[in-house]
Amino acid sequence: AQSVTQLDSQVPVFEEAPVELRCNYSSSVSVYLFWYVQYPNQGLQLLLKYLSGSTLVKGINGFEAEFNKSQTSFHLRKPSVHISDTAEYFCAVSDSSASKIIFGSGTRLSIRP
Amino acid sequence: KAGVTQTPRYLIKTRGQQVTLSCSPISGHRSVSWYQQTPGQGLQFLFEYFSETQRNKGNFPGRFSGRQFSNSRSEMNVSTLELGDSALYLCATTEGGMNTEAFFGQGTRLTVV
């Protein structure tokens, strides 16, 4: 069975500060890992994905994540956040078909000016 | 090309009624998955359809059902609505193969009163 744990339900940061959103996963098979962002009253937008290859994955809007197999982690980072990054972020895992995605509970990122 | 389209965007129903939600996938996408998002339970997988057949199913009661048409459009139906069915219902579509990416619609906000 696959599962995802997002360790922080809320993360407040100041504008232009760096941020890290933490995610740990559990899976008995090869995993495909994702980070999605959800803005208020919107659907989910894919930020980045790890399927295989380089463990450092770069996504949209300046975000990146590092896949760490030994620690079963896939933390999301951004070196300098902007007010527009205020949203909820979901870490997720699935098989390669992406037809059944298991989501973490979400982390609400709030940016203070 | 057009994105994933969900209709209607908002819906208010009374307890005991039934409701049908629609999802039109991106052109060429043959897999449609449905998710329920609530503040308490987060994002949960309902079911997935591929080539008009249910391929995966989550842990929801039989009141939740779906179908897919030959043009890949999908509908989900909830019968005998309960207050706890109030949620944002999201659909996601993929091409249906491996190493693919899921694209989400903006969701249907269902309120049961």
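To find a chain, count down the sequence lines: A is the first, B the second, and so on, and within it residues start at 1.
In this structure, no portion of B:Ala92 lies under 4.5 Å from any heavy atom of chain A. In this structure, chain A has heavy atoms under 4.5 Å from both the backbone and the side chain of B:Leu43. With a threshold of 4.5 angstrom between heavy atoms, B:Leu88 approaches chain A through side-chain atoms but not through N, CA, C or O. In this structure, the portion of A:Leu51 lying under 4.5 Å from any heavy atom of chain B is its side chain and not its backbone.
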Between A:Phe90 and A:Val37, does the side chain to side chain contact (heavy atoms under 4.5 Å, CB included) criterion hold? Intermediate values first, please. CA-CA 6 Å; A:Phe90 293 92; A:Val37 61; over 6 Å; no

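Annotation: side chain of B:Val78 is not in contact with side chain of B:Leu21 (no heavy-atom distance under 4.5 Å). With contacts defined as side-chain heavy-atom distances shorter than 4.5 Å, the pair A:Val93/A:Ile101 does not qualify. By the 4.5 Å heavy-atom criterion applied to side chains, B:Val19 and B:Leu11 are counted as neighbours. The closest side-chain heavy-atom distance from B:Leu81 to B:Leu110 is below 4.5 Å. Counting only heavy atoms from C-beta outward, the side chains of A:Leu47 and A:Leu76 approach each other to under 4.5 Å.
Checked by atom type, the side-chain pair A:Ser70/A:Asn68 shows a donor-acceptor distance below 3.5 Å.
Annotation: side-chain contact (heavy atoms from CB on, under 4.5 Å) contacts of A:Thr55 (sequence neighbours excluded): A:Glu66, A:Phe67.
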Give every donor-acceptor pair between chain A and chain B closer than 3.5 Å, one pair per line, or write none.
unit_1: A:Gln38; atom_1: OE1; unit_2: B:Gln37; atom_2: NE2; d: 2.8
unit_1: A:Gln38; atom_1: NE2; unit_2: B:Gln37; atom_2: OE1; d: 2.9
unit_1: A:Asn41; atom_1: O; unit_2: B:Arg9; atom_2: NH2; d: 3.3
unit_1: A:Gln42; atom_1: OE1; unit_2: B:Gln106; atom_2: NE2; d: 2.5
unit_1: A:Lys49; atom_1: NZ; unit_2: B:Glu101; atom_2: OE1; d: 3.4
unit_1: A:Ser96; atom_1: O; unit_2: B:Asn99; atom_2: N; d: 2.9
unit_1: A:Ser96; atom_1: O; unit_2: B:Thr100; atom_2: N; d: 3.4
unit_1: A:Ser99; atom_1: O; unit_2: B:Ser33; atom_2: OG; d: 2.5
unit_1: A:Ile101; atom_1: N; unit_2: B:Tyr35; atom_2: OH; d: 2.9

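Considering only heavy-atom pairs separated by less than 4.5 Å from chain A, the leading option among B:Cys91, B:Ala102, B:Gly107 is B:Ala102.
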